[in-house]
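I have placed the structure first, in the form of structure tokens, so that the comments after it can refer back to it.
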Amino acid sequence: PCPLNDTWRFSLTTATWTQLGTQGIVPAARYFPGMAALDACQQAVLFGGHTTGADLNDTWLLDVSAGVWSQLSPLGTVPSARQSHSMVWLAQFGEISSREAVAVFGGNSASGNLNDLWVLLPAVTCFDFTAPAGINVEDVTLIAHHWGQTASHPQWDPGFDVNGDSQVDISDVMQVAAAWMSHCTSP
């Protein structure tokens, strides 16, 4: 059998499958990728899988209603190429309850079985951690409280690593401070 790159949606209401007409560039055909639905199933994230002869570690976002795939370029370290891994959407992640994320666990690679855990956070464009008041002294104080923490810190919350470099430092605090008194336009 050959790998496929078609996209299907299952309706729980009608118990039927419908093939989605997708536009633009689509992910390469693959076996055993991980995929997780987001925000009321209007988007889905695809990660990894296997093509003929190689495991993959690419990340894609599907807008289900528009039928459009977009390849993502996550910041920081990306999980190694893998197939047959578990992937799940986390509706609330860390101290910031409005933050959602996708977790990838384990799988198989050319070097054997994997048992690592990775979390993909969406890009932060709004730093109003104490919503809905707008970005203010509380938000700057909250991120400053996490100053100096790295991914190995026991109280690590990647929601405060706004630039995605696995540490909370002056760059993160300055990005929040630079947005002072602005209001987020999305939830």
Side-chain angles (χ1 to χ4, degrees), residues 3-5 7 22 25-64 68-127 129 142-143 145-169 171-173 175-176 186-187:
L4 302 172
N5 69 342
T7 306
T22 54
I25 299 171
V26 298
R30 62 193 66 210
Y31 300 105
F32 314 120
M35 194 163 184
L38 308 177
D39 61 58
C41 299
Q42 295 306 304
Q43 294 182 317
V45 174
L46 172 84
F47 177 77
H50 182 82
T51 62
T52 305
D55 290 331
L56 302 167
N57 71 337
D58 53 348
T59 306
W60 292 80
L61 180 70
L62 172 64
D63 181 325
V64 175
V68 176
W69 283 100
S70 304
Q71 186 166 13
L72 302 179
S73 299
L75 298 173
T77 305
V78 177
S80 62
R82 65 192 61 214
Q83 60 174 301
S84 303
H85 48 284
S86 298
M87 195 162 164
V88 66
W89 170 56
L90 305 170
Q92 295 182 354
F93 184 76
E95 193 171 319
I96 307 168
S97 63
S98 63
R99 200 76 195 275
E100 58 184 53
V102 174
V104 171
F105 176 76
N108 302 100
S109 71
S111 60
N113 293 332
L114 301 168
N115 69 348
D116 50 349
L117 175 65
W118 294 82
V119 176
L120 172 67
L121 292 166
V124 176
T125 56
C126 176
F127 311 115
F129 305 123
L142 191 55
I143 195 167
H145 174 74
H146 293 271
W147 177 279
Q149 292 181 1
T150 63
S152 62
H153 191 279
Q155 294 177 330
W156 172 249
D157 185 334
F160 294 104
D161 178 20
V162 299
N163 66 1
D165 66 354
S166 298
Q167 62 183 354
V168 179
D169 57 15
S171 174
D172 302 295
V173 175
Q175 285 184 56
V176 175
S186 60

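Heavy atoms only: backbone and side chains are in, while hydrogens, waters and symmetry mates are out.
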Check whether any side-chain heavy atom of [X] lies under 4.5 Å from a side-chain heavy atom of [Y], and answer yes or no.
X    : Y    : value
N115 : F105 : yes
H146 : D172 : no
N57  : F47  : yes
W118 : T77  : yes
I25  : Q71  : no

Between [X] and [Y], is there a donor-acceptor pair closer than 3.5 Å when you use the side chain of the first and the backbone of the second?
X   : Y   : value
D55 : Q83 : no
H85 : G48 : no
D63 : V68 : no

So for atom CG, which belongs to L117, do other residues, nucleotides or ligands contribute more than 12 heavy atoms lying within a distance under 6.0 Å?
yes
With rounding to the nearest 0.5 Å, note down the distance linking [atom1] in [X] to [atom2] in [Y].
X    : Y    : atom1 : atom2 : answer
N108 : L114 : CG    : CG    : 7.0 Å
T150 : W156 : OG1   : CH2   : 7.0 Å
D58  : S73  : CG    : OG    : 10.5 Å

Go through the steps for F160 and V176 under the test side-chain contact (heavy atoms from CB on, under 4.5 Å), then give the verdict.
CA-CA 10 Å; F160 294 104; V176 175; over 6 Å; no
Kindly write out the residues that satisfy salt bridge (Lys or Arg N to Asp or Glu O under 4.0 Å) with D169, not counting sequence neighbours, or none if the list is empty.
none
What are the two closest heavy atoms between [X] and [Y], and how far apart are they?
X    : Y    : answer
W89  : A37  : CB-O, 3.1 Å
A81  : S109 : O-CB, 3.6 Å
M87  : M35  : SD-N, 3.7 Å
D161 : S166 : OD2-N, 2.7 Å

For the pair L46 and R30, evaluate side-chain contact (heavy atoms from CB on, under 4.5 Å) and give the outcome as yes or no after the intermediate values.
CA-CA 11 Å; L46 172 84; R30 62 193 66 210; 4.1 Å; yes
Could you list the residues that satisfy side chain to side chain contact (heavy atoms under 4.5 Å, CB included) with A54, not counting sequence neighbours?
T51
Quick one: do S84 and R82 satisfy side chain to side chain donor-acceptor pair (under 3.5 Å)? Show the steps, please.
CA-CA 7 Å; S84 303; R82 65 192 61 214; over 6 Å; no
